2 protein chains.
Amino acid sequence: MRLVVATCSAEYSGRLNAHLPLATRLLVVKADGSVLLHSDGGSYKPLNWMSPPCKLVVTAADEDAAARGVVQVWVVQHAKSDDRLVIELHEVLHDSAHELGVDPGLIKDGVEAHLQVMLAAQIELLGAGARLVRREYPTAIGPVDILARDAAGATIAIEIKRRGDIDGVEQLTRYLELLNRDPHLAPVRGVFAAQEIKPQARVLATDRGIGCLVLDYDAMRGVDDSGARLF
Amino acid sequence: MRLVVATCSAEYSGRLNAHLPLATRLLVVKADGSVLLHSDGGSYKPLNWMSPPCKLVVTAADEDAAARGVVQVWVVQHAKSDDRLVIELHEVLHDSAHELGVDPGLIKDGVEAHLQVMLAAQIELLGAGARLVRREYPTAIGPVDILARDAAGATIAIEIKRRGDIDGVEQLTRYLELLNRDPHLAPVRGVFAAQEIKPQARVLATDRGIGCLVLDYDAMRGVDDSGARLF
DNA sequence: ATATTCATCTCGCTC
DNA sequence: GAGCGAGGTGAATAT
């Protein structure tokens with residue numbers, strides 16, 4: 001990994017065209033040839049970048065560029081597309097290289113999949129007597145998160161999201177349309193389950209006869225833990 | 001901006017919990033206190049990070065940590081949420097600070113907004129005699145990209161996407177439902193315009209009586225350019 | 001290989 | 001501040 005702090009300007013062309021005026025920035029060149037161009041603020045997203053596979057070619061400034069104060073030109077060309085990032089360095093304030101080795105990578109825990117597993121295990125949150133049919137119930141247009149039956153034996157299709165917005169209701173609506181064509185399942189009613197359900201999504205769901213269930217992650221995890229201790 | 005190359009492990013807890021095993025990485029501390037933790041590969045996204053507003057507190061390793069080989073502990077705490085990143089540094093290979101100043105920011109050009117402007121200018125792509133009503137026509141559920149009228153005076157609502165998939169058709173459907181309740185506009189028909197329309201989206205659109213229009217960006221830009229030269 | 005879905009999404013805009 | 005839509009979305013996963 002090479003770290004360069006330099007006053008530079010940059011031009012990106014590819015899926016869009018973008019220009020960065022002259023300023024002092026951090027340039028990171030990774031082992032795979034990818035380049036990041038960071039300012040001293042904002043988020044984790046660079047101002048500009050080139051994703052691998054790509055190739056960096058460093059050249060001296062031509063006469064024209066040198067007249068503008070450019071000392072080095074970096075051309076980063078994507079290997080497969082015509083995406084290209086051209087950086088003109090005016091002053092190099094720092095330049096160092098480091099051997100980092102391979103990274104073992106991030107280990108994550110606890111997202112939507114976890115919600116699905118927990119709700120399947122605590123299916124009575126839907127109502128007393130509810131029974132799980134299966135998670136990831138396959139259909140022609142994709143798997144339904146959870147299929148269940150209520151105490152009376154009627155089918156329930158559940159769509160789970162971390163944040164419940166309008167798209168999730170649309171998705172569940174498509175599933176319901178399809179599932180209700182199956183005489184073994186019909187009539188199927190829908191339940192939209194999420195940690196947080198946006199007002200517009202709730203209105204749309206209610207309008208379509210879809211129930212809303214707000215999931216309390218911490219509470220469910222608490223039940224999950226005691227269950228784990230019991231068995 | 002402070003750049004540190006160090007062998008470290010990290011724990012993030014907040015919207016999820018995540019762990020990074022011991023490895024050599026780049027740590028970037030920005031002027032606003034945000035921290036990025038980069039490996040020597042992957043994309044522009046850090047392995048782990050903390051977004052501003054947040055505060056970094058560096059402490060010496062306690063006895064327990066020192067026994068594990070830790071020399072420094074960084075605790076990055078988010079100012080408003082309980083998001084927290086704890087980094088244990090085992091060996092510091094590089095440490096430097098740099099004054100970067102404020103960045104003027106990126107200047108973008110040419111994405112969906114550009115498609116919208118060009119289609120508005122070349123509205124007869126919809127059919128001879130078509131006239132533009134306005135771009136970003138406001139409705140209660142968000143702005144319609146383009147509202148137009150055909151040669152016969154009938155209203156057309158256009159949704160523009162770079163890549164036309166099923167969500168865009170759903171979006172346009174919601175707009176059409178709403179617009180058709182307005183007696184000044186009804187009947188309103190829909191046109192789904194995109195650089196590329198996915199088969200599933202085309203089927204759904206056709207099924208709902210929505211027209212599909214594939215936009216040739218380069219050709220439109222060509223017309224746009226000659227237009228610019230003519231006037 | 002392609003298609004779908006999630007994301008500690010981020011970012012920008014409008015209300 | 002909340003909501004909504006776009007992204008050079010990227011990344012993972014199922015098909």
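These figures come from a predicted structure and were not determined experimentally. Numbers restart at 1 for each chain; the letters A, B, ... are given by sequence-line order, proteins then strands.
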Here the distance between atom C1' of C:dT14 and atom CZ of B:R135, to the nearest Å, is 16 Å
In whole angstroms, the gap separating C1' of C:dC9 from CH2 of B:W49 amounts to 7 Å
- Query: Taking atom P in both C:dT4 and C:dT8, what distance in whole Å separates the two?
  - Reply: 22 Å
Whole-Å distance, B:D83 CG to C:dC9 P, equals 9 Å
Item to check | Side chain proximity check, B:D182 to B:V188, heavy atoms < 4.5 angstrom | outcome: no
Ranking D:dG10, D:dT9, C:dT8 by distance to the side chain of B:R163, first place goes to D:dT9
If we ignore angles and hydrogens, is there a donor and acceptor under 3.5 Å between the side chains of B:Q195 and B:R162? no
pair B:T155-B:L147: side-chain heavy atoms closer than 4.5 Å
yes
Rounded to the nearest 0.5 angstrom, the CG-SG distance for A:L37 and A:C8 is 5.0 Å
Just so I know, are the side chains of A:T24 and B:E99 near enough to count as touching, which here means a heavy-atom distance under 4.5 Å?
no
Discussion item. For a quick test of reading the model: is some side-chain N or O of A:R15 closer than 4.0 Å to OP1 or OP2 of D:dT9?
Written reply: yes
Assess whether atom CZ of B:R163 is packed by more than 12 heavy atoms of other residues, nucleotides or ligands within 6.0 Å.
no
Rounded to whole Å, the CG-C1' distance (B:L16 to C:dC6) equals 12 Å
On DNA chain D, more 5' by nearest nucleotide between B:S43 and B:L106 is B:L106
Here the distance between atom P of D:dG8 and atom CD of B:Q195, to the nearest Å, is 13 Å
task: Kindly confirm whether the side-chain ring of A:Y44 is stacked on the base of C:dT10, judged by centres under 5.5 Å and planes under 30°.
output: no
To the nearest angstrom, the CG-P distance between B:N17 and C:dT8 comes to 12 Å
Rounded to whole Å, OH of A:Y12 lies from C1' of D:dG8 at a distance of 4 Å
_A:I197 side chain reached by A:V214 side chain, heavy atoms, under 4.5 Å_ = yes
From CG of A:D82 across to P of D:dG8 the rounded distance in Å is 16 Å
- Message: On the nucleotide C:dT8, are OP1 or OP2 found under 4.0 Å from the side-chain N or O atoms that B:K45 carries?
- Response: yes
>> Between D:dG8 and C:dT5, how far apart are the two P atoms, rounded to whole Å?
In response: 22 Å
Polar atom pairs (N or O), protein with nucleotides 3-5 of chain D, under 3.5 Å:
{"unit_1": "D:dC4", "atom_1": "OP1", "unit_2": "A:Q200", "atom_2": "OE1", "d": "2.3"}
{"unit_1": "D:dC4", "atom_1": "OP1", "unit_2": "A:Q200", "atom_2": "NE2", "d": "2.4"}

